[in-house]
Amino acid sequence: MNTTSASIRLDAVSKSYDGRVMAVDDVTLDIQPGEFFSLLGPSGCGKTTTLRMIAGFESVDRGRVVVGGTDITDVPVHKRDMGMVFQSYALFPHRTVAENVAFGLRMRALPKAEITERVKAALALVELTGYEDRRPGQLSGGQQQRVALARATVIRPPVLLCDEPLGALDRKLRQQMQFELKQLQKQLGVTLVFVTHDQEEALAMSDRIAVMNAGRIEQIGTPAEIYERPKTRFVADFIGEINLFDGVGSSASAIRPEKVVIGAPGNGGLPGRIETANFLGGHTLYRVTADDGRQILVKETNIGDRPTRAIGEPVALSWDPADMVQLEG
Amino acid sequence: MSARRFDAGRAGYFALNGAIVTFLLAPIAIVAVFAVNPTPYISFPPVGVTLRWFEKFFSSEDFMNALWLSLQVAVAVLVLSMLIGAACALALARGNLPGARVLTAFFMSPLMLPAILTGLALFQIYLLAGIGRPVWGLIMGHTLVAVPYVLRTTLAVLHNFDRRIEEAAAILGASPVRIFFEVTLPLIRPGVVAGGIFAFIVSFDQFPISLFLVLPKGETLPVVLFNYMKFDLDGAIAAASMVSIVMAISVVLLLEKLIGLKAYVKL
């Protein structure tokens with residue numbers, strides 16, 4: 001449907017608000033056309049600032065922003081031709097749903113008939129046909145979210161920017177919108193940059209993820225790479241649960257709880273005792289205190305009618321050395 | 001729960017509200033009674049109903065000239081104070097001005113000074129500057145005390161303004177000028193108009209400042225009424241008051257109908 005999706009390149013981009021603390025520090029990114037790319041990190045890590053620099057809301061102190069091969073570092077916001085969905089939706093409260101969606105088309109001075117046609121199609125795509133004449137204040141959060149999506153995509157932007165767009169929704173609606181957004185993105189073929197602090201959301205939706213911390217990129221990779229092969233202690237710790245073992249100096253090794261196997265004691269492995277057991281439905285999370293004093297999390301899938309292990313039960317832990325990842329920093 | 005049960009809290013609530021409304025509206029009711037009472041002096045109780053005081057008011061050239069001048073001045077003040085007040089509010093809320101707080105207090109200060117002092121000060125300045133007492137000088141004086149009302153109401157709206165809405169317009173392709181007219185202005189309009197209504201009424205009812213700045217034969221309605229009362233105290237005064245009240249209410253209703261205050265209350 002849309003064949004004009006654009007690549008995005010951030011070339012050594014930096015930004016500081018007070019001249020001392022770097023909000024974004026030497027960030028280089030290459031986002032492919034049509035890619036679902038997430039910027040993931042805790043609040044204050046610079047992910048939103050990075051997104052706002054792509055949009056043009058924030059100026060760039062150093063570095064270049066290149067979209068579709070064109071350097072847009074100095075292009076004002078309204079000439080960047082991007083779609084954006086805000087966390088607060090930022091709908092125009094004084095305009096109807098249809099007028100909200102038509103806004104970008106009107107700014108492009110398209111013929112009236114085409115605007116009507118495209119607004120209709122965009123609202124149909126987000127399943128809001130029949131809501132044309134409502135005002136945003138009369139819609140639920142999920143519906144406002146869809147209007148925001150329709151408004152941002154109806155202009156057929158080569159790039160769609162999303163700043164925690166699902167953050168204000170409750171859990172169930174959020175999961176549903178994750179599927180819908182992902183589907184819409186593939187359908188439109190648009191390059192999507194998605195800012196979130198929710199690692200599950202990033203893992204579920206993204207083609208690739210950049211994990212950010214303190215204004216810098218810690219690691220860029222596919223969700224599987226980020227999860228299975230974290231490069232730094234920060235990434236390992238931020239994404240999911242992990243057992244960290246300090247090594248020499250600043251190095252460390254780590255293993256995911258589900259990669260650890262609980263066996264009977266006496267057959268080798270690391271001996272220890274079950275400390276706590278959290279039954280979580282599909283799996284049980286055990287905390288095991290090894291005889292050498294280390295605490296290790298183990299995730300055991302609940303299959304068959306395996307009973308939950310008793311507190312204090314002696315066990316031996318083992319794992320495939322290939323599952324142990326080496327971390328730096 | 002029975003709806004008929006006597007509820008002391010509820011009864012107290014209505015009694016208090018009734019007392020407040022009575023306190024606020026009783027003077028108007030009394031003026032209305034005097035306006036139709038045929039006795040040649042203001043007296044109570046009324047002895048009948050007549051429209052002669054309204055006739056006297058509307059057929060008097062002095063009253064009509066004054067009413068017309070007051071209306072013209074009030075409309076000019078309405079427009080000027082909305083323009084100045086809204087511009088000021090935008091600059092103070094958005095402009096990153098150094099000392100914005102001090103400036104806000106400065107712009108609000110005409111409200112804190114007794115208007116009679118402001119009138120006297122303006123009179124002396126105009127005299128020193130050799131301006132005399134032209135109508136535009138009177139309009140300026142009224143605008144001075146009317147702007148704070150618009151400033152206050154507009155600042156309140158701007159304080160709750162989600163600037164992401166303007167950013168959304170920008171990324172959709174709206175230039176800064178278009179953003180202002182398509183988004184910012186419509187969203188602050190309820191605040192500006194609400195302030196403008198106050199501005200109109202402040203000007204239309206303005207007495208102390210006008211007292212210093214009008215010329216004989218070029219007086220506004222409140223000044224004419226004051227002078228009239230010094231010699232005559234008949235129903236024409238009450239009739240004029242009724243006309244003033246009706247005029248003020250009409251402007252409020254007209255603005256509400258034309259521009260709409262309720263439509264955007266939920267921002």
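Reminder, nothing fancy here: chain letters follow the sequence lines and each chain counts from 1.
- Of the two parts of A:Arg52, only the side chain, counted from C-beta on, holds a non-hydrogen atom closer than 4.5 Å to a non-hydrogen atom of chain B.
- Ranking A:Lys79, A:Arg108, A:Gln87 against chain B, the residue ahead of the rest is A:Arg108, based on heavy-atom pairs under 4.5 Å.
- Note: A:Phe57 CZ to B:Ile171 CD1 = 4.5 Å, rounded to the nearest 0.5 Å.
- In this view, A:Gln176 and A:Glu180 satisfy the side-chain hydrogen bond (donor to acceptor under 3.5 Å, both in side chains) rule, not counting sequence neighbours.
- For a residue to count as touching a neighbouring chain, one of its non-hydrogen atoms must lie under 4.5 Å from one of that chain's; by this rule A:Leu91 touches chain B with the backbone only.
- For A:Glu117, the CD atom is loosely surrounded, since the number of other residues' heavy atoms within 6.0 Å does not exceed 12.
- Counting heavy atoms from C-beta on, the side chains of A:Arg106 and B:Arg178 come closer than 4.5 Å.
- Surrounding OH of A:Tyr131 are at most 12 heavy atoms belonging to other residues, nucleotides or ligands under 6.0 Å away.
- Within 6.0 Å of atom OH in B:Tyr13, 12 or fewer heavy atoms from other residues, nucleotides or ligands are found, so the atom counts as exposed in its surroundings.
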* To do: Could you go through the side-chain contact (heavy atoms from CB on, under 4.5 Å) check for A:Val77 and B:Glu167 one step at a time?
  => CA-CA 9 Å; A:Val77 179; B:Glu167 292 184 349; over 6 Å; no
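- Using a 4.5 Å cut-off between heavy atoms, B:Glu182 contacts chain A through both its backbone and its side chain.
- Under a cut-off of 6.0 angstrom, the local environment of CZ in A:Arg208 is crowded, with over 12 non-hydrogen atoms contributed by other residues, nucleotides or ligands.
- Around atom CZ of A:Arg64, more than 12 heavy atoms belonging to other residues, nucleotides or ligands sit under 6.0 Å away.
- Residue B:Pro186 comes nearest to A:His94 through the heavy atom pair CB-CD2, 3.4 Å, listed as atom of the first residue, atom of the second, then distance.
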* To do: Could you walk me through whether A:Arg151 and B:Leu172 pass side-chain contact (heavy atoms from CB on, under 4.5 Å), step by step?
  => CA-CA 8 Å; A:Arg151 184 179 67 174; B:Leu172 285 166; 3.5 Å; yes
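- For A:Lys120, the NZ atom counts as loosely surrounded, since its 6.0 Å shell holds 12 or fewer non-hydrogen atoms of other residues, nucleotides or ligands.
- For A:Arg80, no part lies near chain B; criterion is any non-hydrogen pair under 4.5 Å.
- One distance of note links CE of A:Met107 with CD1 of B:Ile179; it measures 9.0 Å at 0.5 Å rounding.
- A:Ala90 and B:Ala168 make their closest contact through O-CB, 3.7 Å (heavy atoms, listed as atom of the first residue, atom of the second, distance).
- Within a 6.0 Å sphere centred on OH of B:Tyr149, other residues, nucleotides and ligands contribute 12 heavy atoms or fewer.
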